[in-house]
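Notes follow the structure.
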Amino acid sequence: MSFQRARTDEQRGERRRQILATAAAMLTEMPVAELTLTALSRRVCLAKANVLRYFESREAVLLALLEAEVADWITELEAAPAADGSAAGERGDRFAELLATSLARRPVLCDLMSAQSTVLEHNISAETALRHKRAVHGYLEVLVRFTAGHLPELGDEDAAALMQSVMLVAVAAWPASRPPRAVLDAYATDPALAVMCVDFADVVRRTAAVTVSGLLARERQPR
């Protein structure tokens, strides 16, 4: 970056992108809980006060990064082949597999999602919360339309319910699939406890597939 102080809107935008890119890189090395504003400031070569000129808090940085990660995920999903003429159940299974495998390939996104409501939505202003929730609402609308492209048998309400279920399960399954060392050691000591291990992609896939099956069955019932 050729400038030391951002003076124009273009330079300020570039500085924001630099901060977000640095945070994203750090999250490939550490979980969200370990990323501090001090460490981020050092890595991006700015004083903490300067970082706070662009984002009101550490949490605001990570919420903006979450939005960027969701946007990238949606772009990947939309590049997947459209639904073909096979049976709805088969398309539902393939759709569930697509959601599960694509999320599993994005650990930064999953880590941010799992911290969203419990950590990231704290220590922010009402203005930041409003902007973030509007962004999330927009992404949900895109995901609902994407779901309808693969499963047109589902209406918007059921498509929204499906995505909500998948997201809630992903939020819970992600940390559960990454237990601390002491828990891993306990599993190794007593193999009978291995049934408690959580396979993230498998849990998300099965949840999505079962939810799709249930929604499709309900749609076929006489009203």
Side-chain angles (χ1 to χ4, degrees), residues 27 31-33 63 66-67 69-84 86-121 132-133 135-180 183-184 187 192-221:
L27 289 180
V32 166
L63 282 178
L66 171 59
E67 293 163 19
E69 288 285 330
V70 172
D72 286 346
W73 178 51
I74 290 175
T75 298
E76 177 189 337
L77 290 176
E78 291 179 331
D84 57 23
S86 59
E90 294 177 6
R91 283 185 280 111
D93 288 345
R94 290 202 301 274
F95 187 69
E97 181 69 19
L98 172 63
L99 293 178
T101 56
S102 62
L103 279 172
R105 286 195 298 267
R106 293 180 171 273
V108 171
L109 170 59
C110 293
D111 200 19
L112 287 166
M113 287 197 308
S114 69
Q116 179 181 2
S117 61
T118 57
V119 178
L120 303 188
E121 291 181 353
H132 173 65
K133 287 302 184 182
V136 170
H137 184 263
Y139 291 136
L140 177 59
E141 290 181 332
V142 174
L143 287 168
V144 168
R145 291 194 297 270
F146 170 75
T147 301
H150 284 258
L151 295 165
E153 295 84 355
L154 299 180
D156 286 351
E157 183 178 349
D158 282 347
L162 169 61
M163 292 309 305
Q164 183 180 52
S165 296
V166 169
M167 293 297 99
L168 288 173
V169 167
V171 164
W174 183 255
S177 68
R178 279 151 178 75
V183 175
L184 291 174
Y187 290 160
L193 300 177
V195 295
M196 301 175 68
C197 293
V198 173
D199 183 314
F200 174 78
D202 185 56
V203 168
V204 174
R205 179 190 57 76
R206 284 189 289 109
T207 298
V210 170
T211 302
V212 168
S213 295
L215 291 171
L216 290 173
R218 190 174 67 175
E219 286 296 319
R220 289 193 291 266
Q221 292 177 354

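Please read these numbers as outputs of a predicted model, since none were measured by experiment. Residue indices begin at 1 and follow the sequence shown.
Counting only heavy atoms from C-beta outward, the side chains of V32 and L120 approach each other to under 4.5 Å. With contacts defined as side-chain heavy-atom distances shorter than 4.5 Å, the pair L109/W174 does not qualify. Residues V212 and R91 are not in side-chain contact: their nearest non-hydrogen atoms beyond the backbone lie 4.5 Å or more apart. Two residues are said to be in side-chain contact when any heavy atoms from C-beta on lie closer than 4.5 Å; V203 and V169 meet this criterion.
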Steps toward side-chain contact (heavy atoms from CB on, under 4.5 Å) verdict (M163, L140) | CA-CA 8 Å; M163 292 309 305; L140 177 59; 4.2 Å; yes
Can you list the steps and then say if D72 with R106 is a side-chain contact (heavy atoms from CB on, under 4.5 Å)?
-> CA-CA 10 Å; D72 286 346; R106 293 180 171 273; 3.7 Å; yes
Show your reasoning for whether side-chain contact (heavy atoms from CB on, under 4.5 Å) applies to R94 and H150.
-> CA-CA 9 Å; R94 290 202 301 274; H150 284 258; over 6 Å; no
Evaluate the criterion side-chain contact (heavy atoms from CB on, under 4.5 Å) for residue pair M167 and L103; output intermediate values, then yes/no.
-> CA-CA 10 Å; M167 293 297 99; L103 279 172; 4.0 Å; yes
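A159 and T147 make their closest contact through CB-CG2, 3.8 Å (heavy atoms, listed as atom of the first residue, atom of the second, distance). Scanning all heavy atoms of the two residues, the minimum distance from C197 to Y187 falls at SG-CD1, 3.3 Å. Contact detail for P152 and G149: the closest heavy-atom pair is CD-O, 4.2 Å. A pairwise comparison of heavy atoms in A96 and A209 identifies CB-N, 3.5 Å as the closest pair. Residues E153 and L216 share a closest heavy-atom pair of CB-CD2, 3.7 Å. When all heavy atoms of A173 and V198 are compared, the pair lying nearest together is O-CG1, 4.0 Å.
Here CG of L112 is found 5.5 Å from CG of L27. Values are rounded to the nearest 0.5 Å. I74 contributes atom CD1, which lies 12.0 Å from atom CD of E69 (distance to the nearest 0.5 angstrom). Considering CG of L98 and CD of E76, their distance stands at 7.5 Å, rounded to 0.5 Å. With rounding to the nearest 0.5 Å, the separation of CZ in F200 from OG1 in T101 is 10.5 Å. In this structure, CZ in F95 is found 7.5 Å from CG in L77, a value given to the nearest 0.5 Å. The CG atom of L184 sits 11.0 Å away from atom CZ of R178, with the distance rounded to the nearest 0.5 Å.
Atom CD of E141 sits in a crowded spot, with more than 12 heavy atoms from other residues, nucleotides or ligands closer than 6.0 Å.
Of the possible polar contacts, one joining the S114 side chain to the D111 backbone as a donor-acceptor pair under 3.5 Å is found.
Listed by first and then second residue, the salt bridge (Lys or Arg N to Asp or Glu O under 4.0 Å) pairs involving residues 193-204 are D202-R205, D202-R206 (not counting sequence neighbours).
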